Amino acid sequence: MPDPGPSPVQSSLPAAAAAFGTYGHGRGVEAVGCIRPEQLAVPAPADPPAPAGAPHPALERLLRGPSGLGTAGLHLARYEGPPLAAPEPAGAAEPAAGRPIPGLYHHPVPEPDPVRVAEISRRIKEWADEVDLYPPEWEDQFDGFCVGRYMVACHPDAPDIDHLMLATRLMVAENVVDDCYCEDHGGSPVGLGGRLLLAHTALDPLHTTTEYQPAWTESLRSDAPRRAYRSAMEHLLQGASPSQADRFRHDMARLHLGYLAEAAWAETDYVPQVWEYLAMRQFNNFRPCPTITDTVGGYELPADLHAQPAMQRVIALAGNATTIVNDLYSYTKELASPGRHLNLPVVIAEREGVSVKEAYLKAVEVHNDLMHAFEAAAAELAVSCPAPNVARFLRGVAAWVDGNHYWHMTNTYRYSLPDFW
Ligand SMILES: CC(C)=CCC/C(C)=C(\C)COP(=O)(O)OP(=O)(O)O
Ligand SMILES: [Mg+2]
């Protein structure tokens, strides 16, 4: 079931943005005490099982948002201000190319608004200059990353460019840390723990004595990853509540833990078992991106709802599906990189003794299973907890999943498919 049509989320993002969101910084969202663990265990009442590959009917119905008389205005906000006459930097708004991986379960998304894409692309270059992010010779790669298209596709309910920029700076900063500390722009597994910990203090500040505080403050200016983290976090704090910021820090600590496991295995030349690889990839994962969907949307999913095990499962499954999408689209790029780069097809081939093609096709199935599990878990939660901010958050996560697939598929500068079909 490669393309079952528009996602219940994307087709009907009708959602309740205007009615349910606050478009401030999320204050004013009433706590909804609707989730108790025993309630979450209750399955959706009387929904027949979805046909294989189709979204769960409850997901379709509940994520569709309000319908009927008087609900026409309750649709996700799109940019409605004056046209933004931004010049288009290279790579900002080229027509989308690329084809989906055959057999990959995914939902197409509408073409991201080119006006928003162009403005984000312009502003992110300004920010990159401001924090002295990369040397001039890396500019083509920066443009080829097309972060504007990425973030606009993933956050269709962002009320404005400023909110989108919160996600965009973080996306760039996260990739700079990965490239410069872990991967092919000077990265290495050797000494990674120390570098990551010090960079993490740009997100989660050091509180120490007056003697030592200045050296730490100075350290945050000492390399591009730290300058990027510090500035992107400073901006996030202007748009996030304290609990949203702390949710993000927790996700980033998870990410850094995942980097460390990957590095440790690289240092000892260990190829993990498939389940071990999937555990590492649950941490070395896109999770910090979809979990800020409410901050970027201008509302807040309260901490007690975010922390519920059922919500945590939905988020983990969504993060895992999005990250295996990366493994599949980046497979040929990683094969061409020096040394052995672990990704799901490589680990399956090695550990299960199958051909690279069989391993790749099995990895597609693993991805599809994760996607179906994500959609089923989201549907069940939407039934168990019919709170507007829960529904909107679930839609936001699903929109991120779909936008992430779109970006990988269309980023032909960065990724190309293997010749397996
Ligand atoms: C944006 C973010 C939180 C990134 C975290 C880690 C990361 C870069 C990925 C999950 C993408 O995987 P990978 O490192 O394999 O990226 P490329 O294949 O090089 O695009
Ligand atoms: Mg990859």
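Position 1 is the first residue of the sequence; numbering continues from there. Everything numeric here is computed off the predicted structure, so don't read it as measured data. Both counts, for ligands and for their atoms, begin at 1 and track the order of listing.
- In this structure R340 satisfies the side chain to side chain donor-acceptor pair (under 3.5 Å) test together with D269, E350, sequence neighbours excluded.
- Ion pair E358/K362 not flagged as a salt bridge, since none of the NZ, NE, NH1 or NH2 atoms sits closer than 4.0 Å to an Asp/Glu carboxylate oxygen.
- Looking from atom 13 (P) of ligand 1 to the surrounding protein, the closest heavy atom is N326 OD1, 3.5 Å.
- The shortest N/O to N/O separation between E334 and ligand 1 falls below 3.5 Å.
- In the model, Y181 has a side-chain atom that pairs as donor or acceptor with a side-chain atom of D223 under 3.5 Å.
- Under a 4.0 Å N-O distance rule, the pair R395/D157 does not qualify as a salt bridge.
- Neither the backbone nor the side chain of C182 has any atom closer than 4.0 Å to an atom of ligand 1 (non-hydrogen atoms only).
- Heavy atoms of R281 found under 4.0 angstrom from ligand 1 belong exclusively to the side chain.
- Distances shorter than 4.0 angstrom do not occur between any heavy atom of R287 and any atom of ligand 1.
- The side-chain hydrogen bond (donor to acceptor under 3.5 Å, both in side chains) contacts involving residues 257-266 comprise E262-N284, where partners must be two or more places apart or lie in separate chains.
- Using a 4.5 Å heavy-atom cutoff, the side chains of L133 and W127 are in contact.
- Atoms of ligand 1 found under 4.0 Å from any heavy atom of R414 (numbered from 1 in listed order, with element): 17 (P), 19 (O), 20 (O).
- Set against the non-hydrogen atoms of C289, the atoms of ligand 1 under 4.0 Å away are 1 (C), 3 (C).
- Between L342 atom CG and D327 atom CG the span is 9.5 Å, to the nearest 0.5 Å.
- Interface atoms of ligand 1 facing M171, defined by a heavy-atom separation under 4.0 Å, are 1 (C).
- If you look at D327 next to ligand 1, there are no close heavy atoms at all, none under 4.0 Å.
- Every atom of ligand 1 is numbered from 1 in the order shown, and the set under 4.0 Å from a heavy atom of N175 is 1 (C), 8 (C).
- Neither side chain, H106 nor D402, offers a donor N or O lying under 3.5 Å from an acceptor on the other.
- The aromatic rings of Y150 and W407 lie parallel to each other, with less than 30° between the two planes, well short of the 60° mark.
- With a 4.0 Å heavy-atom cut-off, ligand 1 is reached by no atom of N343.
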Please walk me through it: do D132 and R221 pass salt bridge (charged side-chain N to carboxylate O under 4.0 Å, His left out)? CA-CA 10 Å; D132 191 13; R221 289 193 282 270; over 6 Å; no

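- With rounding to the nearest 0.5 angstrom, the CG atom of L317 is 8.5 Å from the CZ atom of F374.
- The single protein non-hydrogen atom nearest to atom 8 (C) of ligand 1 is D178 OD2, 3.1 Å, given as residue, atom name and distance.
- Between T323 and ligand 1, no pair of N/O atoms sits closer than 3.5 Å.
- Using a 4.0 Å cut-off between charged side-chain N and carboxylate O, R116 and D160 make no salt bridge.
- Contacts of T201 classified as side chain to side chain donor-acceptor pair (under 3.5 Å), with partners at least two apart in sequence or in another chain: W216.
- Residue-to-ligand polar distances place S330 within reach of ligand 1: an N/O pair is separated by less than 3.5 Å.
- Scanning the protein heavy atoms around atom 3 (C) of ligand 1, the nearest turns out to be E174 OE1, 3.5 Å.
- Of all protein N, O or S atoms, those under 2.8 Å from the Mg ion (ligand 2) number 3.
- For the ligand labelled ligand 1, residue Y259 lies inside the 4.0 Å heavy-atom shell.
- Using a 4.5 Å heavy-atom threshold, the side chains of M233 and F248 count as touching.
- If you look at H408 and Y415, their ring centroids are closer than 6.0 Å.
- Scanning all protein heavy atoms for the shortest distance to atom 19 (O) of ligand 1 gives K333 NZ, 2.7 Å.
- Backbone and side-chain nitrogen or oxygen atoms of Y415 are examined, and one is located within less than 3.5 angstrom of a nitrogen or oxygen of ligand 1.
- Close approach of ligand 1 to N284 (heavy-atom distance below 4.0 Å) involves ligand atoms 6 (C).
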